[in-house]
Amino acid sequence: MAGHGADEHPHGADRLCETGDRVYSRAVRRGRVPRRDAEPVPCLLELALLHPDPDDMDWLVPTSPQEVMTRLLRGMHDEVSASQRRVGSAVAAVEWYAGLGRQVRPAVSGAEGPAIRVLDGLARIQAAMDEATQACTAEVLTVQPGGIRREAELSEGLHRALALRGRGVRMRDLYTHVARHGQGLLTYLELMGDAVEARTLDEVIDRLILFDRTVAFIPANSDRTMALELRHPALIEYLVTVFERLWRLAIPLTAPLPDTGIEGISHREQSIAALLAEGHQDAVIAERLGISVRTCRAHIARLSETLGAASRTQLGVRIAQAGLDGPQHSSTSVSVPGQESRTVR
């Protein structure tokens, strides 16, 4: 019976295949059939319609049709009984859940909607943001990564920002240092006036918008076509804490970036040096600082030239020797091999 299995005969005794019907019928008429006749139809043995003749194992004898009918009827009865039990259980469960539903109290004011809601598609995200803007009365906190803000991005939320300013809502925005070089952002801040305060950091977390410390929006995928709307008090409190700690570390947009204390090395190159020392690749560094990979590599090249490094390995050594691999220490004199002594303030 090699080569023939149940997969080739996916049926029960109530719907025999054509060959099985023919062989079983012949066995009933004759009282038995040679075992070789049943080789093409192993289903007859698997369904116990044929079984070996105890007097001669080369022959197969049939199970009587009456016994087969009794077996089929018993199986049908068991299936119907099981279905009835499942239906009864489902009806009881529906009644129980319906009873619970009648006991649910309306959500209290200020806790509208679910604690976490997935917004799929830009249209739903914009609608939810507009709704939160209309309900906002006191404060908006935002984190805006990605370097220089494109004018299209600033224009997209301008109507909300103007509506908030008109109601006296205060706004605080966090950007990367790179955003300082975008004219669009400077124009936006000039238009908003005292309603917005902006600060910058080397790198920030992913985009975050908080309204009145009650509802927050964060991206749910890399291309930002999905977002999460968060209203859970514990999550909101956590995000506010993260924002406030970043805010304290950030530098006001109206203030200049601190000098590195090393001639020829800018603040951005110092940040790149620290990330290189941590072992990050160029693409990762560029993404974290909000610059292009090409710009990042240009800064790395200037770092190498300034520090007199001929290779990436040597650059790592020079970065450590110059104290650029971590927090700066005041009044530290650093001598870079092959370069004149440089003073780190």
Side-chain angles (χ1 to χ4, degrees), residues 122 125-126 129-130 132-133 136 138-212 216-219 223-224 227 239-240 242-261 264-275 285-299 302:
L122 296 178
I125 295 172
Q126 298 296 344
M129 294 276 288
D130 288 341
T133 299
C136 184
E139 180 187 53
V140 178
L141 310 176
T142 77
V143 178
Q144 305 287 358
I148 294 177
R149 303 294 308 286
R150 294 178 297 180
E151 290 189 13
E153 292 177 330
L154 294 168
S155 299
E156 178 272 319
L158 184 59
H159 69 286
R160 285 192 292 269
L162 291 173
L164 292 165
R165 188 191 67 171
R167 297 201 302 273
V169 174
R170 304 292 299 174
M171 289 167 271
R172 287 189 286 158
D173 299 335
L174 274 172
Y175 301 92
T176 61
H177 292 324
V178 177
R180 291 170 172 257
H181 305 290
Q183 183 58 44
L185 175 60
L186 300 178
T187 302
Y188 165 77
L189 294 175
E190 183 178 354
L191 180 63
M192 295 301 297
D194 295 338
V196 175
E197 184 181 357
R199 295 187 181 186
T200 64
L201 282 165
D202 282 325
E203 52 183 309
V204 296
I205 58 174
D206 208 342
R207 192 177 190 192
L208 166 68
I209 304 178
L210 275 159
F211 293 91
D212 280 344
F217 296 89
I218 61 174
D223 59 6
R224 296 182 182 172
L239 292 173
V240 169
V242 170
F243 180 90
E244 293 293 359
R245 291 185 180 179
L246 290 175
W247 185 260
R248 286 195 294 271
L249 294 171
I251 301 171
L253 193 65
T254 54
L257 296 179
D259 186 76
T260 63
I265 295 181
S266 67
H267 185 90
R268 186 186 301 179
E269 287 160 359
Q270 181 185 35
S271 302
I272 291 173
L275 291 171
I285 295 172
E287 181 180 5
R288 288 177 62 165
L289 298 184
I291 58 178
S292 68
V293 176
R294 182 177 179 180
T295 299
C296 179
R297 287 172 178 164
H299 283 294
R302 282 196 289 271

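Everything numeric here is computed off the predicted structure, so don't read it as measured data. Starting from 1, each residue takes its place in the sequence as its number.
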Between Arg160 and Val140, does a side chain to side chain contact (heavy atoms under 4.5 Å, CB included) hold up when you go through it step by step? CA-CA 11 Å; Arg160 285 192 292 269; Val140 178; over 6 Å; no
Stepwise, does the side chain to side chain contact (heavy atoms under 4.5 Å, CB included) test hold for Trp247 with Glu197? CA-CA 11 Å; Trp247 185 260; Glu197 184 181 357; 3.5 Å; yes
Does Thr176 reach the side chain of Gln144, with side-chain heavy atoms less than 4.5 Å apart? no
Write down the atom of Arg224, the atom of Leu122, and the distance for their closest heavy-atom approach. O-CD2, 3.6 Å
Under a 4.5 Å cut-off applied to non-hydrogen side-chain atoms, are Phe211 and Thr133 in contact? yes
Do Leu201 and Ile251 have side chains that approach each other closer than 4.5 Å (heavy atoms only, starting at C-beta)? no
Min side-chain heavy-atom separation Arg170-Arg165 under 4.5 Å: no
Testing Val143, Leu246, Val242 one by one against Leu208 for a side-chain contact (heavy atoms from CB on, under 4.5 Å), which residue passes? Val143
Asp173 side, atom CG; Leu189 side, atom CG - distance, nearest 0.5 Å: 7.0 Å
Close side-chain approach of Val240 to Glu244, heavy-atom, < 4.5 Å: yes
All heavy atoms of Leu164 vs all of Cys136, minimum pair found to be CD2-CB, 3.8 Å
Taking atom types as modelled and ignoring hydrogens, do the side chains of Arg172 and Thr142 form a donor-acceptor contact shorter than 3.5 angstrom? no
Checking side chain to side chain contact (heavy atoms under 4.5 Å, CB included) for the pair Asp202/His177: CA distance, chi angles, key distance, verdict? CA-CA 6 Å; Asp202 282 325; His177 292 324; 2.9 Å; yes
Looking at every heavy atom in both Ile272 and Cys296, which two are closest together, and how far apart are they? CD1-O, 4.3 Å
Just by distance, do the side chain of His299 and the backbone of Glu269 share a donor-acceptor pair under 3.5 Å? no
Distance col, row Ile205:CD1 vs Ile218:CD1, nearest 0.5 angstrom, shows 9.0 Å
Please tell me if the side chains of Leu186 and Tyr188 come closer than 4.5 Å, counting only heavy atoms from C-beta onward. no
I need the minimum non-hydrogen distance between Arg180 and Pro252, along with the two atoms involved. NH2-O, 2.9 Å
Step by step, work out the side chain to side chain contact (heavy atoms under 4.5 Å, CB included) result for Ile125 and Phe217. CA-CA 9 Å; Ile125 295 172; Phe217 296 89; 5.7 Å; no
Determine the minimum heavy-atom distance between Ala216 and Leu239, stating which atoms define it. CB-CD1, 3.9 Å
